[in-house]
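Note sheet for the following structure.
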There are 2 protein chains.
Amino acid sequence: MVQIPNTPAPASPAPPRSVPTSADVARLAGVSRATVSYVLNNTSAVRISEPTRRRVHEAARELGYVPHAAARSLRAGHSRMVLMPAPAFPVGPLYSRFITDLQSALSRLDYTVVQYGTAQPHGDEAARAWAELRPVAVLVPGAGLGPRGVAVLKRSGARAVVTLGPETVEGAYALLVEHEAVGHSAGAHLYDRGRRRIGVVVPRQSGLEVFSAPRLAGVRQAVRGTDATVTELPLGYDEASAARLAARWRELDLDAVFAYNDEYAMLLMRALQDEGVRIPEETAVVGADDLMLGRLLRPRLSTVHLELPSGRELAELVDRAVRAPGAPPETHKVLRATVVHRDSS
Amino acid sequence: MVQIPNTPAPASPAPPRSVPTSADVARLAGVSRATVSYVLNNTSAVRISEPTRRRVHEAARELGYVPHAAARSLRAGHSRMVLMPAPAFPVGPLYSRFITDLQSALSRLDYTVVQYGTAQPHGDEAARAWAELRPVAVLVPGAGLGPRGVAVLKRSGARAVVTLGPETVEGAYALLVEHEAVGHSAGAHLYDRGRRRIGVVVPRQSGLEVFSAPRLAGVRQAVRGTDATVTELPLGYDEASAARLAARWRELDLDAVFAYNDEYAMLLMRALQDEGVRIPEETAVVGADDLMLGRLLRPRLSTVHLELPSGRELAELVDRAVRAPGAPPETHKVLRATVVHRDSS
DNA sequence: TTGAAAGCGGTACCAG
DNA sequence: CTGGTACCGCTTTCAA
């Protein structure tokens, strides 16, 4: 490269214009690039004299040298990056915590966790973009990734492809999050408490169908073969929508409702109470997620408590899959749903 | 590398074992690597015959070829990656939406957005890890990044370093999120409504000090030089903690409280009501964040509505900074806080 | 104990 | 229009 002569600069301490490389460090320390690499990586297979180490470290510090991860993993032929597409659905506190736990657990195992900015393109399209980064493992929340996508990822060197969603995908390690179980718990609970005309809230908010459909199906399944009925109740997340639903509550003639989650439950409960519907006498209400706010409502909200696998467990699973890439993909059900009975049902 | 002779494999269609490279594509198509590159990148500076293009595309498809992003950006000397450390504080719906918006806005400008797994190490330490990825821009939420960190990032080629937090950092483009304004709005509102003995909730939850301290300071500032008093009220996010606080409410002798945010407000309001404290007559309550749940409480919760800059604006700012890396860093105040007066104050 | 050199997967110049 | 080739920054033999 041609050195452009310095323009007369202000008397600042000669700011190095381009990014320092290991070659720059070597030059400054008066050693070869190889030696720099040995020293900075503490390579045990080779002994470097103490004075040399010193000089190298000194030079690196002085230049503010930071190794180039891409170059390193290009040479190494692999990286320790675990890629996790950011979920398409609005995340609640539950999922936030889960992500945080998982990230720190994987960090402890010396992986670099990266959340890839959300999938505009459809799953199998997106998989290509993820594959370009050559992650050692990919952890996909929600639906959207197909068998084609899994194949692309594996062909690009991903040693573990794990889905965390409603269905298994050919070739991937599947952590089945069956939201049917949530609806099933709620439905069974309501039936046990003598309710027979059960409404189920289905949020209109887009991105939530993935959860709401199976939850509804779970309720249906819970009362299949009994005399109970299940009624679908579309509901937007706003007061007007809730008020409209509450206004026709009497004619709907329901004695219970599973409100999708605690937030929708709060919304609907308020509207019902404003309408003079007595809870739980006339209508029982059950939410889901076991948020703090449920305990603060009056009557206290019955809810379905959800438990995702711990971040540590999942991290270990990923690690195992990375180390034994030959192992056939397994399927595990991971969503534990239990009813917390309070006063609204 | 030594080729290990194939063990007699099941009669599957010869699965390619290693990751296909552009050389493989070239071989299969019977052309050079250069030609493959031209075709797949639609390089306009060079004309490739239609039959050749066809053969290359065909070969790429057949092999399931996916380019190696690291190799590409190594050669190019730069990437289009915008790195955003995952925030250390628990994120609410407000921030979630903000992130999502920002990501899609940046995607539209053809940047790749990546959330880097949360900062275990302290800011300036973490900056080194981020720098290893050689992002073209870094967007840091919250506090924790110091001038040293900024320097490291810039030296590693980051053309834009933007902080989104409570204070400016030497060398970085600062989007000032001044939570003092939140407290100030709430304090002024309460004062205007005739309240003089103001309590301010300070969450015990760790990670929230960054927000709670300035909010408290803002209230203090709003009533400075008046006869009003400000009392700090530490509060854990659980019912027991709230009940304890409510039990000594009468002796605290407060006529108003700014409850940090809507969720803490709900928690405290419930405890106060259970204790028989009338709201707003005896004590006015103001929350913040303007969440749906505030509208559902009775009395309806007064709150401070917060507005962050739109994702599009921020994306454009980043883009501008990337294109004009010489420009001196600016500072902008970006948090708009306005009181939404309802029935609790 | 240290250095020279090969190459990881792409891109872009220059020659044919 | 296409191929040869020199890099990008780093690690890792192999020799000296």
Side-chain angles (χ1 to χ4, degrees), chain A residues 1-2 16 18-56 59-60 63-80 131-134 136 155-157, chain B residues 1-2 16 18-56 59-60 63-80 131-134 136 155-157:
Chain A
M1 182 195 289
V2 178
S18 65
V19 183
T21 73
S22 79
D24 295 323
V25 177
R27 201 154 23 236
L28 181 57
V31 299
S32 76
R33 282 155 66 221
T35 306
V36 171
S37 177
Y38 293 143
V39 172
L40 296 184
N41 294 316
N42 264 318
T43 308
S44 54
V46 85
R47 295 260 145 272
I48 304 283
S49 71
E50 201 45 48
T52 305
R53 305 182 83 83
R54 221 168 256 308
R55 289 218 313 286
V56 170
L63 293 177
Y65 170 71
V66 175
H68 193 306
R72 182 196 306 244
S73 66
L74 179 58
R75 170 65 225 225
H78 62 93
S79 75
R80 307 249 331 146
E132 291 194 359
L133 298 182
R134 297 288 193 273
V136 68
R155 221 190 273 294
S156 310
Chain B
M1 182 196 290
V2 178
S18 66
V19 183
T21 74
S22 80
D24 296 322
V25 177
R27 202 156 22 240
L28 182 56
V31 300
S32 76
R33 282 159 67 220
T35 304
V36 171
S37 176
Y38 293 142
V39 172
L40 296 184
N41 294 316
N42 263 318
T43 308
S44 54
V46 85
R47 295 260 145 273
I48 303 284
S49 71
E50 202 46 46
T52 306
R53 306 180 83 83
R54 223 168 254 310
R55 289 218 312 287
V56 169
L63 293 177
Y65 170 71
V66 175
H68 193 307
R72 182 196 306 242
S73 67
L74 179 58
R75 169 65 223 219
H78 63 91
S79 74
R80 305 243 340 141
E132 291 193 0
L133 298 182
R134 297 287 192 276
V136 69
R155 221 190 273 293
S156 308

Taking OP1 and OP2 of C/dG9, is either one under 4.0 Å from a side-chain nitrogen or oxygen of B/T21? no
Within this structure, what is the CG-to-P distance between A/L40 and D/dG9, rounded to whole angstrom? 16 Å
Classify the nucleic acid contact of A/A76 as base, sugar-phosphate or nothing, counting any heavy atom under 4.0 Å across all strands shown. nothing
For a 4.5 angstrom cut-off between non-hydrogen side-chain atoms, does A/H78 reach A/V136? no
Nearest-Å distance for atom pair NE2/P, residues B/H78 and D/dG9: 13 Å
When the distance from OH of B/Y65 to P of C/dG9 is rounded to whole Å, what number comes out? 10 Å
B/R33 CZ - C/dT11 P separation (whole Å): 10 Å
Using a 4.0 Å heavy-atom cut-off, does B/R75 contact any base of the nucleic acid, only the sugar-phosphate backbone, or nothing at all? base
Rounded to whole angstroms, how far apart are CZ on B/R55 and P on D/dC1? 15 Å
Euclidean distance, atom CG of residue A/N41 to atom C1' of D/dT13 [Å, nearest integer]: 15 Å
Hey, does B/V66 reach any base, or is it just sugar-phosphate, or nothing, if we go heavy atoms under 4.0 Å? sugar-phosphate
Mind calculating the distance between CD (B/E50) and P (D/dT2) to the nearest angstrom? 10 Å
Hey, is the main chain of B/A23 close enough, under 3.5 Å, to the side chain of B/R33 for a donor-acceptor pair? no
Phosphate-side-chain proximity, B/R47 and D/dC1, N/O vs OP1/OP2 below 4.0 Å: no
The residue, B/T43 or B/H68, whose nearest nucleotide of DNA chain C is more 5′ is B/H68
Per the atom types in the model, does the base of C/dC13 pair as donor or acceptor with the side chain of B/Y38 at under 3.5 Å? yes
Check every atom of D/dT2, C/dT2, D/dT11 against the side chain of B/T52 and return the nucleotide holding the closest atom. D/dT2
Give one of base, sugar-phosphate or nothing for B/V31, where a contact means two heavy atoms less than 4.0 Å apart. sugar-phosphate
Please test A/N41 against A/R72 for side-chain contact (heavy atoms from CB on, under 4.5 Å), starting from the C-alpha separation and ending with a verdict. CA-CA 11 Å; A/N41 294 316; A/R72 182 196 306 244; 3.6 Å; yes
Strictly below 4.0 Å: does A/S49 bring a side-chain N or O up to OP1 or OP2 of C/dT2? yes
Report yes if at least one side-chain N or O of A/T35 is closer than 4.0 Å to OP1 or OP2 of C/dT2; otherwise report no. no
Is the phosphate of D/dG4 approached by B/S32 (side-chain N or O, under 4.0 Å from OP1 or OP2)? no
D/dT11 C1' sits how many Å from A/N42 CG, rounded? 15 Å
I'd like to know if the side chain of B/S32 and the backbone of B/T35 have a donor-acceptor N/O pair within less than 3.5 Å. yes
Would B/V19 and A/R134 count as a side-chain contact (heavy atoms from CB on, under 4.5 Å) if you check the C-alpha gap in whole Å, the side-chain angles of each, and the deciding distance to 0.1 Å? CA-CA 10 Å; B/V19 183; A/R134 297 288 193 273; 3.8 Å; yes
Pick the closest DNA chain D nucleotide for B/L74 and for B/G30 by heavy atoms, then say which residue is nearer the 5' end. B/G30
A/V66 and B/R155, any side-chain heavy atoms less than 4.5 Å apart: no
